[in-house]
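Some notes on the structure that comes next.
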Amino acid sequence: MNSAVTISISIDQLCIGLYVHLDVGWMNHAFARNSFLLKNKQQIASIRQLGIKTIRFEAARSTCPPLPPPTSIAAPEVEIEQLSADELAMIRAKKARVDKLIAERVAIARCEKEYQKAASTVKNISRNLFSQPQAAFREADQLTREMCSSLLAEKDIAIHLMNDKIAGEETYYHSLNVAVLAMVLAKDLRLSEQEISAVGIGSLFHDLGKIDIPDRITTKKTELTKAEQNLLQMHCQYGVNMAEKVGLPKAAVDIIQHHHEYADGSGYPDRLTGDRTPKLAQLVCLINTYDNHCNQPNPANSLTPYEALAHMFAHQRKLFDPVMLTTFIRSMGVYPPGTIVKLSDDTFGMVVSVNPDKPLRPSVLIYDADVPKEEAIILDLGQETEVSVKDSLKASQLSPEIYDYLSPRMRMSYYFGGQGKSS
């Protein structure tokens with residue numbers, strides 16, 4: 001772990017089974033990690049090529065002790081051999097990893113820029129809702145059309161975890177979050193461009209009616225009374241009244257009215273079942289439920305993204321359209337962005353993006369005490385096949401050092417982008 005005891009030994013004491021730490025920059029060697037278990041002689045030969053005299057090893061994670069130290073009699077100096085074909089292949093693989101890491105960081109930075117722009121637009125829409133309602137709705141329509149165009153322009157979409165310093169605690173970010181995930185799901189369900197745009201505009205305003213509900217109810221951190229629940233449920237009708245006044249499209253109005261209707265008829269306001277609920281409203285209901293699980297008014301009550309999906313699949317499956325639910329789980333991955341994980345080599349990390357084609361193998365920002373936090377390595381488990389996710393953890397299970405390094409998000413905010421391409 002982060003406080004592990006390491007011992008310095010001579011490079012001549014290396015053997016298969018030692019867990020070693022390289023005290024050279026990550027960019028200066030051919031390995032995927034700065035610390036790892038030695039599995040073959042090729043790795044030892046590659047370390048010798050680095051020209052270092054000593055190396056640290058971690059006894060607790062090693063499967064054997066190091067070789068005895070060399071005798072005091074000076075051994076003849078071993079001539080460093082030319083790089084073998086295998087070592088050259090390792091260097092080429094490392095260069096590919098570096099290129100991919102750079103591309104991923106660029107993609108995430110571009111994605112955060114687009115998210116920041118969208119968030120600023122949503123904030124502006126919220127400010128103008130009463131003074132210039134029609135202008136606000138036009139701005140929302142323009143935003144969703146731009147998001148829809150970006151979505152449809154990309155063949156492969158990755159869902160990225162966004163920096164929560166961008167989002168803050170404002171309630172309107174919930175609407176943006178729902179809009180982003182709902183539009184991605186709509187694309188994955190192969191809905192039309194018109195339907196994807198309708199999902200976006202309806203999602204942005206699905207909680208419009210909460211403006212008429214007192215803050216003491218909408219932000220209450222303890223359980224609502226029956227009377228408070230009844231008043232809160234009125235937000236659907238309040239939102240419909242406002243949306244119809246400014247001429248919002250019917251599909252968006254349907255989402256506002258029915259985004260709390262469940263497939264088993266246990267929702268509100270009309271207790272609709274199954275196909276009686278408009279399709280797009282069913283979709284937004286699913287996403288709204290997920291985001292509410294992850295972002296509770298009291299953060300202590302929030303589920304991790306992994307827990308939220310697991311809970312919805314195991315305990316709430318009857319509430320949602322089965323095709324929509326399974327497609328959403330595939331889109332988010334088994335370990336959604338924001339999930340804290342422990343890898344098969346006992347490394348800790350945080351999922352930052354997922355590949356729908358490989359739901360068990362996301363991209364993970366890993367904790368490595370030998371690498372500065374600002375240069376943290378992102379492992380694409382789709383490419384790094386030697387390691388896999390072993391367990392999902394709560395942030396509270398991390399040591400203070402690892403928690404500070406990974407910086408788990410208090411809120412889960414997402415945006416989409418191309419996988420290492422444009423977003």
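From a predicted model like this one, the values you see are computed outputs, not experimental measurements.
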Could you tell me whether a side-chain N or O of [X] sits under 3.5 Å from a main-chain N or O of [Y], the two making a donor and an acceptor?
{"X": "Asn40", "Y": "Gln42", "answer": "yes"}
{"X": "Lys221", "Y": "Asn298", "answer": "no"}
{"X": "Thr347", "Y": "Leu343", "answer": "no"}
{"X": "Trp26", "Y": "Ala32", "answer": "yes"}
{"X": "Ser150", "Y": "Glu146", "answer": "yes"}
{"X": "Arg361", "Y": "Glu384", "answer": "yes"}

Do we see a donor-acceptor contact under 3.5 Å between the side chains of [X] and [Y]?
{"X": "Asn288", "Y": "His206", "value": "yes"}
{"X": "Glu112", "Y": "Gln116", "value": "no"}
{"X": "Glu114", "Y": "His160", "value": "no"}
{"X": "His21", "Y": "Asn34", "value": "no"}
{"X": "Asn292", "Y": "Gln296", "value": "no"}

**OP:** Sequence neighbours left out, what pairs pass ring-ring contact (aromatic ring centres under 6.0 Å, His included) with at least one residue falling in residues 210-245?
**Re:** His235-His259, His235-His260
Original post:
Is it the case that more than 12 heavy atoms not belonging to Gln194 sit under 6.0 Å from its CD atom?
Top reply: no
Original post:
Is it the case that more than 12 heavy atoms not belonging to Lys117 sit under 6.0 Å from its NZ atom?
Top reply: no
If I compare all heavy atoms of [X] with all of [Y], which pair ends up nearest, and what's the gap?
{"X": "Cys236", "Y": "Gln257", "result": "CB-O, 3.7 Å"}
{"X": "Leu151", "Y": "Ile196", "result": "CD1-CG2, 4.4 Å"}
{"X": "Phe205", "Y": "Ile256", "result": "O-CG1, 3.4 Å"}
{"X": "Ile16", "Y": "Ile44", "result": "N-CD1, 3.9 Å"}
{"X": "Leu224", "Y": "Ile217", "result": "CD2-O, 3.8 Å"}
{"X": "Pro362", "Y": "Ser353", "result": "CB-O, 3.4 Å"}

**OP:** With side-chain contact (heavy atoms from CB on, under 4.5 Å) as the test, would you mind laying out the steps for Cys15 and Cys64 before giving the verdict?
**Re:** CA-CA 8 Å; Cys15 61; Cys64 65; 3.7 Å; yes
Which distance, rounded to the nearest 0.5 Å, do you find between the [atom1] of [X] and the [atom2] of [Y]?
{"X": "Cys148", "Y": "Leu143", "atom1": "SG", "atom2": "CG", "result": "11.5 Å"}
{"X": "Lys187", "Y": "Ser192", "atom1": "NZ", "atom2": "OG", "result": "14.0 Å"}
{"X": "Leu37", "Y": "Leu18", "atom1": "CG", "atom2": "CG", "result": "8.0 Å"}
{"X": "Asn177", "Y": "Asp291", "atom1": "CG", "atom2": "CG", "result": "4.0 Å"}
{"X": "Leu309", "Y": "Cys294", "atom1": "CG", "atom2": "SG", "result": "7.0 Å"}
{"X": "Leu14", "Y": "Lys41", "atom1": "CG", "atom2": "NZ", "result": "13.5 Å"}

If we only count heavy atoms from C-beta on, is the [X] to [Y] side-chain gap below 4.5 Å?
{"X": "Thr225", "Y": "Gln229", "value": "no"}
{"X": "Lys123", "Y": "Ser120", "value": "no"}
{"X": "Phe36", "Y": "Gln43", "value": "yes"}
{"X": "His293", "Y": "Met312", "value": "yes"}
{"X": "Asp207", "Y": "Thr218", "value": "no"}
{"X": "Asp264", "Y": "Thr273", "value": "no"}
{"X": "Leu181", "Y": "Leu185", "value": "no"}
{"X": "Glu261", "Y": "Pro269", "value": "yes"}

**OP:** Let me know which of Ile47, Asp370, Asn28 forms a side chain to side chain contact (heavy atoms under 4.5 Å, CB included) with Leu22.
**Re:** Ile47
**OP:** Go through the structure and list residues passing salt bridge (charged side-chain N to carboxylate O under 4.0 Å, His left out) with Arg33, not counting sequence neighbours.
**Re:** Asp345
Subject >> Results of salt bridge (charged side-chain N to carboxylate O under 4.0 Å, His left out) for Arg145 - residues two or more places apart only >> reply: Asp141
**OP:** Under the ring-ring contact (aromatic ring centres under 6.0 Å, His included) rule, what do Tyr414 and Tyr115 come out as? Steps first, then yes or no, please.
**Re:** CA-CA 8 Å; Tyr414 305 109; Tyr115 178 77; 9.5 Å; no
**OP:** Report yes if the distance between the aromatic ring centroids of Tyr367 and Phe348 is under 6.0 Å, otherwise no.
**Re:** no
Original post:
For Tyr173 and Asn295, what are the C-alpha separation, side-chain angles and deciding distance, and is it a side-chain contact (heavy atoms from CB on, under 4.5 Å)?
Top reply: CA-CA 10 Å; Tyr173 283 95; Asn295 296 309; over 6 Å; no
Subject >> Salt bridge flag under 4.0 Å for residues Glu228 and Lys220 >> reply: yes
Anything under 3.5 Å between a donor and an acceptor, one on a side chain of residues 319-342, the other on a protein residue two or more places apart or in another chain? List them.
| unit_1 | atom_1 | unit_2 | atom_2 | d |
| --- | --- | --- | --- | --- |
| Asp321 | OD1 | Val323 | N | 3.0 |
| Asp321 | OD1 | Met324 | N | 2.9 |
| Thr326 | OG1 | Pro322 | O | 3.0 |
| Thr326 | OG1 | Val323 | O | 3.1 |
| Thr327 | OG1 | Val323 | O | 2.7 |
| Ser331 | OG | Asp188 | OD2 | 2.4 |
| Ser331 | OG | Thr327 | O | 2.9 |
| Thr339 | OG1 | Pro336 | O | 2.7 |

**OP:** May I have the step-by-step check of ring-ring contact (aromatic ring centres under 6.0 Å, His included) for Phe57 and Tyr19, ending in yes or no?
**Re:** CA-CA 5 Å; Phe57 88 99; Tyr19 193 93; over 10 Å; no
**OP:** Evaluate side-chain contact (heavy atoms from CB on, under 4.5 Å) for Ile201 paired with Ile255, printing each intermediate quantity in order.
**Re:** CA-CA 9 Å; Ile201 195 80; Ile255 289 171; over 6 Å; no
Side-chain polar contacts of residues 274-284 - donor-acceptor pairs under 3.5 angstrom, sequence neighbours left out - could you list them?
| unit_1 | atom_1 | unit_2 | atom_2 | d |
| --- | --- | --- | --- | --- |
| Lys279 | NZ | Glu195 | OE2 | 3.2 |
| Gln282 | NE2 | Thr277 | O | 2.8 |

Could you list the donor-acceptor pairs under 3.5 angstrom formed by side chains in residues 385-394, with sequence neighbours left out?
| unit_1 | atom_1 | unit_2 | atom_2 | d |
| --- | --- | --- | --- | --- |
| Lys390 | NZ | Asp346 | OD1 | 2.8 |
| Lys394 | NZ | Glu307 | OE1 | 3.1 |
| Lys394 | NZ | Glu307 | OE2 | 3.0 |

Original post:
Would Leu161 and Val351 count as a side-chain contact (heavy atoms from CB on, under 4.5 Å) if you check the C-alpha gap in whole Å, the side-chain angles of each, and the deciding distance to 0.1 Å?
Top reply: CA-CA 8 Å; Leu161 176 69; Val351 177; over 6 Å; no
